[in-house]
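First comes the structure, then the notes that go with it.
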Amino acid sequence: SKFGYKAGGNWYYGIMFTLSTQMSNGYSPDDETLLTSSFMTPGYVTFSIGMDYKPEKWSWYISPIGTKIVTKIHENFFDQDAFGVLAGKKVYAALGASTHLIFAADIHPKINLNTKLELFYDYLGEMKQLRNLDMRYDMTWMFNITEWLCLSLKIALLYDYDIKFNC
């Protein structure tokens with residue numbers, strides 16, 4: 001959710017709040033009994049205050065101060081490092097800056113494009129380097145085939161330095 005108050009021209013004062021999680025359990029494709037995720041495990045909550053520049057078809061939200069909270073509340077994950085939250089902890093909180101760039105347009109009368117780039121820089125992160133930058137990029141193409149049939153193609157890219165994978 002984003003709330004704004006017009007500052008002048010295409011600029012708005014803004015407050016943004018997001019909550020992302022999943023509703024059902026996730027399991028490993030190799031072992032269908034091995035739980036890999038659950039409701040609010042992980043859970044991502046962000047809150048920020050900033051400015052939003054909104055000309056036609058796109059929006060650029062800039063926030064010098066914001067929070068990102070990551071949760072792992074399922075008991076199976078409590079004793080391990082998971083989703084950037086250390087073993088023995090249920091929450092990781094970060095203080096930083098964020099920006100969101102959104103573009104939406106009808107490319108053709110039957111083709112729509114929505115794209116969004118979200119960046120969050122953790123001020124207090126390990127070694128205070130650029131690798132503290134978390135990134136999420138989403139692109140959705142909507143193709144209207146007929147009045148009652150629509151095809152969508154979604155691409156999502158995610159980078160978070162705090163999440164470790166065993167390869």
Side-chain angles (χ1 to χ4, degrees), residues 1-7 10-28 34-55 57-104 113-140 152-167:
S1 296
K2 182 168 53 172
F3 303 98
Y5 182 79
K6 191 164 183 104
N10 291 328
W11 286 96
Y12 294 80
Y13 302 108
I15 296 173
M16 184 178 283
F17 172 81
T18 64
L19 170 66
S20 301
T21 189
Q22 62 192 50
M23 300 307 290
S24 61
N25 292 340
Y27 296 94
S28 170
L34 180 62
L35 186 67
T36 59
S37 58
S38 183
F39 178 73
M40 292 303 287
T41 306
Y44 299 96
V45 178
T46 64
F47 178 79
S48 62
I49 299 171
M51 295 292 290
D52 199 9
Y53 180 67
K54 294 174 66 171
K57 296 186 182 181
W58 63 283
S59 167
W60 183 27
Y61 178 77
I62 309 160
S63 171
I65 188 76
T67 61
K68 178 181 176 186
I69 299 168
V70 182
T71 64
K72 61 168 187 171
I73 62 172
H74 196 281
E75 62 275 357
N76 287 14
F77 297 91
F78 189 67
D79 294 332
Q80 58 183 299
D81 292 348
F83 315 112
V85 182
L86 297 175
K89 305 271 184 186
K90 292 186 176 186
V91 175
Y92 171 77
L95 176 68
S98 65
T99 188
H100 297 234
L101 187 59
I102 300 169
F103 175 77
L113 171 66
N114 288 305
T115 184
K116 178 168 59 168
L117 174 66
E118 299 175 5
L119 302 172
F120 180 85
Y121 179 78
D122 184 358
Y123 290 141
L124 308 174
E126 178 184 317
M127 299 177 66
K128 298 178 183 68
Q129 295 181 358
L130 187 58
R131 68 181 181 195
N132 294 335
L133 185 68
D134 298 340
M135 185 263 318
R136 179 183 176 109
Y137 177 73
D138 294 297
M139 179 188 291
T140 306
S152 63
L153 171 65
K154 180 160 183 154
I155 298 168
L157 303 173
L158 180 67
Y159 172 79
D160 187 335
Y161 177 75
D162 298 316
I163 298 176
K164 308 291 187 237
F165 292 96
N166 295 330
C167 297

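Note that the structure is predicted; figures quoted are calculated from it, not measured. In what follows, every heavy atom counts, from backbone to side chain, and hydrogens, waters and symmetry copies are set aside.
- When all heavy atoms are compared, the tightest approach of F120 to A94 is CE2-CB, 3.9 Å.
- Side-chain contact annotation: S28 with T36, donor-acceptor N/O pair under 3.5 Å absent.
- Residues Y137 and Y159 have side chains not in contact (no heavy-atom distance under 4.5 Å, counting atoms from C-beta outward).
- Listed by chain and residue number, nothing satisfies the side-chain hydrogen bond (donor to acceptor under 3.5 Å, both in side chains) test with T67 (two or more places apart in sequence, or in another chain).
- By the side chain to side chain contact (heavy atoms under 4.5 Å, CB included) test, S20 is found to be paired with Y44, residues two or more places apart in sequence or in another chain being considered.
- Side-chain contact between H100 and W60 is absent, with no heavy atoms from C-beta onward closer than 4.5 Å.
- Within the 4.5 Å cutoff, side-chain heavy atoms of L101 are placed close to those of W58.
- Test V45, I73, I69 against V91 for side chain to side chain contact (heavy atoms under 4.5 Å, CB included) and you get one pass: I69.
- Across every non-hydrogen atom of L35 and F77, the tightest pair is O-CZ, 3.6 Å.
- Considering only heavy atoms from C-beta on, Q22 comes within 4.5 Å of S37 through its side chain.
- Partners of L119 by side chain to side chain contact (heavy atoms under 4.5 Å, CB included), not counting sequence neighbours, listed by chain and number: T99, L117, L133, M135.
- T115 contributes no side-chain N or O that, together with a main-chain N or O of I102, makes up a donor-acceptor pair within less than 3.5 Å.
- No side-chain heavy atom of P42 sits less than 4.5 Å from a side-chain heavy atom of K72.
- A 4.5 Å side-chain heavy-atom check between I15 and Y5 finds every atom pair outside the cut-off.
- Taking the ring axis of F78 as reference, the NZ or CZ atom of K90 stays within 45° of it and closer than 6.0 Å to the ring centre.
- Qualifying side chain to side chain contact (heavy atoms under 4.5 Å, CB included) partners for L86, counting only residues two or more places apart in sequence or in other chains: D81, K89.
- Between the side chains of N114 and T140, not a single donor N or O lies within less than 3.5 Å of an accepting N or O.
- Nearest approach of A7 to M51, heavy atoms of both residues: CB-CE, 4.1 Å.
- A side-chain donor-acceptor contact under 3.5 Å links S63 to the backbone of I49.
- Within the 4.5 Å cutoff, the side chain of L95 has heavy atoms near those of the I65 side chain.
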Problem set entry | Steps toward ring-ring contact (aromatic ring centres under 6.0 Å, His included) verdict (F3, F17) | CA-CA 9 Å; F3 303 98; F17 172 81; 9.1 Å; no

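- We find the OG-CZ distance between S98 and F47 to be 10.5 Å, quoted to the nearest 0.5 Å.
- Salt bridge K68/D134: present, at least one basic N to carboxylate O contact under 4.0 Å.
- Residues satisfying the side chain to side chain contact (heavy atoms under 4.5 Å, CB included) test with Y12, not counting sequence neighbours, are K6, D52, K54.
- Using a 4.5 Å cut-off on side-chain heavy atoms (C-beta onward), K2 and Y61 make contact.
- Residues that satisfy the side-chain hydrogen bond (donor to acceptor under 3.5 Å, both in side chains) test with Y53, not counting sequence neighbours, are absent from this structure.
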For this session: Kindly determine whether L19 and M40 satisfy side chain to side chain contact (heavy atoms under 4.5 Å, CB included), including the steps that lead there.
Result: CA-CA 10 Å; L19 170 66; M40 292 303 287; 4.0 Å; yes

